[in-house]
Amino acid sequence: MYAIRTKNLEKHFGATGALRGVSLDFSAGLIHGLIGSDGAGKTTALRLLAGLLRPSAGNLTYIKDGRPSSFSEFRPGLAYMPQQASLYPDLSIAEHLEFFRDLYRLDAATFKQRSAELLEITRLGKFSDRRAGQLSGGMYKKLGLMCSLLQSPSALLLDEPTNGVDPISRREFWELLYAQSASGMLIIVSTAYMDEAERCARVHLLDAGRLLSAGEPRAVLKEAGAASFEEIFIKGAAK
């Protein structure tokens, strides 16, 4: 079981403070939502967690099987899906899976089983010969998720995976996340869609690099005396 904690985490780009003293607790086996508008610090936070950036200040603690571990020990079980298009438009779905098989150095038996499972749960099997550049937005996101899941990670970081995706595909994407979370995977997903906050087991509300609130969605709403997450952000911006 994987977990991640941060304490007073800061990241500055020149004079700009992207994260300002943020303490987060991503406990194992749950879907955590990093919720906030553009510029809130969500992508910076995920890149720090993924080891792609170094913090300007504060602490990052990686926990594996109940004990603190080094990032090098934690890293093999970690997968990151960036917001930007990161697939190859001229490669088919099947070719992408083969590419990531080589990248993850999966043996033939493991790859065959895992790829078959992923094609089934995403319902992309009959489109395996279609190039990524010809996929719909929802199918493209599913392919990105498949490539991230091929190595069977224990922790999955997703940066706005449903941005620009139609409502039906968004719902299907979340169903895929629930299925993975049921196996004990730690999932951290960033989103600017307030309705998706209620789909998470825990939420972490970010605004201008600061943490507004965190906890179970209903408890956060109750504590803030708000009827919606939009209302919490409006109150936060007014302070």
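Numbers here simply count residues along the sequence, with the first being 1. As the structure is a prediction and not an experimental result, all values here were calculated from the model.
At a threshold of 4.5 Å between non-hydrogen side-chain atoms, the residues Ile121 and Gln180 count as touching. Between Thr191 and Ile35, some side-chain heavy-atom pair lies under the 4.5 Å cut-off. Residues Arg170 and Asp195 are in side-chain contact: their nearest non-hydrogen atoms beyond the backbone lie under 4.5 Å apart. Counting heavy atoms from C-beta outward, Ser37 and Phe233 have side chains that stay 4.5 Å or more apart. Here the side chains of Arg199 and Ile31 are not in contact, with every heavy-atom distance at 4.5 Å or above. When side chains are defined from C-beta on, Phe26 does not count as touching Leu157, because their heavy atoms never get closer than 4.5 Å.
Clustering ILVMFWY residues whenever any of their side-chain heavy atoms sit less than 4.5 angstrom apart, transitively, puts Ile63 in a cluster other than the one holding Met185. Transitive grouping of hydrophobic side chains (ILVMFWY, heavy atoms separated by less than 4.5 Å) keeps Val22 and Val203 in distinct clusters. Each of Leu221 and Tyr193 belongs to its own hydrophobic cluster when Ile, Leu, Val, Met, Phe, Trp and Tyr are linked at side-chain heavy-atom distances under 4.5 angstrom. Hydrophobic clustering of Ile, Leu, Val, Met, Phe, Trp and Tyr side chains at less than 4.5 Å, counting indirect connections, unites Leu145 with Leu106. Following chains of ILVMFWY side-chain contacts shorter than 4.5 Å, one cannot reach Ile188 starting from Met81, and the two form parts of different hydrophobic clusters.
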Practice task
Please step through side-chain contact (heavy atoms from CB on, under 4.5 Å) for the pair Ser115 and Glu98, ending with a clear verdict.
Solution key: CA-CA 9 Å; Ser115 59; Glu98 291 168 1; over 6 Å; no

Practice task
For the pair Leu150 and Leu103, evaluate side-chain contact (heavy atoms from CB on, under 4.5 Å) and give the outcome as yes or no after the intermediate values.
Solution key: CA-CA 10 Å; Leu150 191 60; Leu103 184 66; over 6 Å; no

Handout entry: Stepwise side-chain contact (heavy atoms from CB on, under 4.5 Å) check, Asn8 with Ser23
Key = CA-CA 5 Å; Asn8 299 325; Ser23 296; 3.6 Å; yes

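The main-chain N or O of Leu177 is never found under 3.5 Å from a side-chain atom of Ser181 such that the two would form a donor-acceptor pair. Using modelled atom types, one side-chain atom of Asp65 and one backbone atom of Met1 make a donor-acceptor pair closer than 3.5 Å. Judged by distance alone, with hydrogens and angles left aside, the side-chain atoms of Glu160 form no donor-acceptor pair with the main-chain N or O of Asn163 at under 3.5 Å. Judged by distance alone, the side chain of Arg130 and the main-chain N or O of Phe127 form no donor-acceptor pair under 3.5 Å. Put simply, the side chain of Lys42 never gets that close to the backbone of Val189: no donor and acceptor are under 3.5 Å apart. Between the side chain of Ser148 and the backbone N or O of Gly144, at least one donor-acceptor pair lies under 3.5 Å.
For the pair Leu49 and Tyr62, the tightest heavy-atom approach, listed with the atom from each and the gap, is O-OH, 2.8 Å. Contact record, Leu124 with Leu143: CD1-N, 4.1 Å, taken as the closest heavy-atom pair. Closest heavy-atom contact between Leu78 and Pro153: C-CB, 4.4 Å. For the residue pair Cys147 and Tyr104, the shortest heavy atom distance occurs at O-OH, 3.1 Å. The shortest heavy-atom contact between Val165 and Gly138 is CG1-CA, 3.9 Å. Closest approach of Gln83 to Thr43, counting heavy atoms only: OE1-OG1, 4.1 Å.
Note: His96 and Phe100 have parallel aromatic rings, judged against thresholds of 30 and 60 degrees for the angle between ring planes. By the 30° and 60° cut-offs, the orientation of the rings of Tyr2 relative to Phe74 is tilted.
Note that CZ of Arg171 is 12.0 Å distant from CG of Leu176, once rounded to the nearest 0.5 Å. Residue Asp159 holds its CG atom at 4.0 Å from OG of Ser190, rounded to the nearest 0.5 Å. Atom CD1 of Ile232 is separated from atom CG of Leu205 by 5.5 Å, given to the nearest 0.5 angstrom. Between Cys200 atom SG and Leu34 atom CG the span is 9.0 Å, to the nearest 0.5 Å. Atoms CD and CG, from Gln134 and Asp129 in turn, are 11.0 Å apart once rounded to the nearest 0.5 Å. One finds the OG1 atom of Thr122 at 15.5 Å from the NZ atom of Lys141 (value rounded to the nearest 0.5 Å).
In summary, the side chains of Thr162 and Glu196 do present a donor paired with an acceptor at a separation below 3.5 Å, with no hydrogens or angles considered.
In summary, Glu117 and Arg114 engage in a salt bridge, as defined by a charged side-chain N under 4.0 Å from a carboxylate O.
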Acceptor/donor pairs from residues 52-59 side chains to any protein atom, 3.5 angstrom cut, sequence neighbours excluded:
{"from": "Ser56", "atom 1": "OG", "to": "His12", "atom 2": "N", "distance (Å)": "2.9"}

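Within a 6.0 Å radius of CZ in Phe71, other residues, nucleotides and ligands contribute more than 12 heavy atoms.
Screening Leu211, Leu24, Leu19, Thr61 for a side chain to side chain contact (heavy atoms under 4.5 Å, CB included) involving Thr6 leaves a single residue, Leu24.
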